[in-house]
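Inspection log for the structure reproduced underneath, given as structure tokens.
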Amino acid sequence: MSSISPKTIIPKEFYLQDPVKLAPKLLGKIFVRKLGDIYLTGKIVEVEAYRGKDDEAAHTYNGKTKRNDVMFREGGFLYVYFTYGMHFCANIVCGKKNEGSAILIRAVEPIDGINIMEMNRFGKTELPYSRRKLLTNGPAKFCSAFAIEKKDNGLDLTKEPIFLLKGEKILKNEIVTTTRIGIKKSVDLLWRFYIKDNPYVSKK
DNA sequence: CCACGGATTGGCT
DNA sequence: GCCAATCCGTGGA
């Protein structure tokens, strides 16, 4: 895989932005998770912004609780929550302390450690290529493939074992802006962003 | 204390 | 397309 040095890790300041501004900038970034001696990596291809204060769909809308505590930190932490009795979803906390904003990672394009991801998701590897995109084309699928769970909640994203790398520049005209998925409140906000025509996006 | 339902997924119809 | 699976945070009694 491409070289990883502390220098190439995306710094703290990057995360201290408004979620709706930051979300499209996360597209094309490389999500890295160190697992034992190996690195699982993937290009972020789909995200959703959840903003504190004015967003009824955000977990933080009704104030601080044990579950959403990490979301009230300043930007640069990983917020992981458990849902539907069986799935985890991962978010990148952003903005100022006590703002309560985060960006849900909905899909990545697998790069390194694909056989490990296959093991994590399906318990076996060397799956047909046609099943490749099923690895990470959804928020809970991504967490399963990258072995992200409750214990990863609150990790500092500026160091191992989980951080982001710069990746490739995504042009404005390659980004699709649309409504978020699976929520019942604030359904009209155009706060979902994905890379146009990327096969790993969860839903058009 | 208890009942509800969710930022989902996958299997079956 | 429909719906069960399965946990636990949250909110109302």
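Chain letters run A, B, ... following the sequence lines, proteins first and then strands; every chain starts at 1. Keep in mind that the numbers below use all heavy atoms, side chains included, and drop hydrogens, waters and symmetry copies.
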With a 4.0 Å cut-off on heavy atoms, is A:N91 in touch with a base, just the backbone sugar-phosphate, or nothing at all?
base

Between [atom2] of [N] and [atom1] of [X], the distance in whole Å:
{"X": "A:F88", "N": "B:dG6", "atom1": "CZ", "atom2": "C1'", "answer": "15 Å"}
{"X": "A:K184", "N": "B:dG6", "atom1": "NZ", "atom2": "C1'", "answer": "7 Å"}
{"X": "A:K185", "N": "B:dG5", "atom1": "NZ", "atom2": "P", "answer": "11 Å"}
{"X": "A:N68", "N": "C:dG11", "atom1": "CG", "atom2": "P", "answer": "9 Å"}
{"X": "A:E56", "N": "B:dA7", "atom1": "CD", "atom2": "C1'", "answer": "15 Å"}
{"X": "A:R67", "N": "C:dC7", "atom1": "CZ", "atom2": "C1'", "answer": "11 Å"}
{"X": "A:N62", "N": "B:dG5", "atom1": "CG", "atom2": "C1'", "answer": "14 Å"}
{"X": "A:R180", "N": "B:dG6", "atom1": "CZ", "atom2": "P", "answer": "15 Å"}

Please report the distance separating the P of C:dT6 from the corresponding atom of B:dC2, rounded so that it comes out in whole Å.
23 Å

Out of A:I30, A:I170, A:L164, which residue meets the side chain to side chain contact (heavy atoms under 4.5 Å, CB included) rule with A:I44?
A:L164

Short side-chain N/O contact to C:dT10 OP1/OP2 from A:K66, under 4.0 Å:
no

One should read off an interatomic distance between A:E109 CD and A:K133 NZ, to the nearest 0.5 angstrom, of 12.0 Å

What distance do A:F163 atom CZ and A:K29 atom NZ have between them, rounded to the nearest 0.5 Å?
14.5 Å

Contacts under 3.5 Å, N or O only, protein and nucleotides 8-13 of chain B:
from: B:dT8; atom 1: OP1; to: A:R106; atom 2: NH1; distance (Å): 3.4
from: B:dT8; atom 1: O2; to: A:H87; atom 2: NE2; distance (Å): 2.7
from: B:dT9; atom 1: OP1; to: A:P139; atom 2: N; distance (Å): 3.2
from: B:dT9; atom 1: OP1; to: A:A140; atom 2: N; distance (Å): 3.0
from: B:dT9; atom 1: OP1; to: A:K141; atom 2: N; distance (Å): 3.3
from: B:dT9; atom 1: O4'; to: A:H87; atom 2: NE2; distance (Å): 3.3
from: B:dG10; atom 1: OP1; to: A:R121; atom 2: NH1; distance (Å): 2.7
from: B:dG10; atom 1: OP1; to: A:R121; atom 2: NH2; distance (Å): 3.0

Is atom NZ of A:K169 surrounded by more than 12 heavy atoms (other residues, nucleotides or ligands) closer than 6.0 Å?
no

Under a 3.5 Å distance rule, please check whether A:N153 uses its side chain to pair with a backbone N or O of A:V80 as donor and acceptor.
yes

Nearest heavy-atom neighbours spanning A:R121 and A:L134
NH2-O, 2.7 Å

Might you point out which heavy atoms bring A:C94 and A:I103 nearest each other, and give the distance in Å?
SG-CD1, 4.1 Å

With pairs defined as Watson-Crick or G-U wobble and both distances under 3.5 angstrom, please note down DNA chain C as a dot-bracket string, | for pairing with another strand.
|||||.||||||.

What do the steps show when you test A:F142 against A:I148 for side chain to side chain contact (heavy atoms under 4.5 Å, CB included), and what is the final call?
CA-CA 8 Å; A:F142 159 67; A:I148 291 170; 3.9 Å; yes

Stepwise, does the side chain to side chain contact (heavy atoms under 4.5 Å, CB included) test hold for A:V176 with A:V201?
CA-CA 11 Å; A:V176 178; A:V201 168; over 6 Å; no

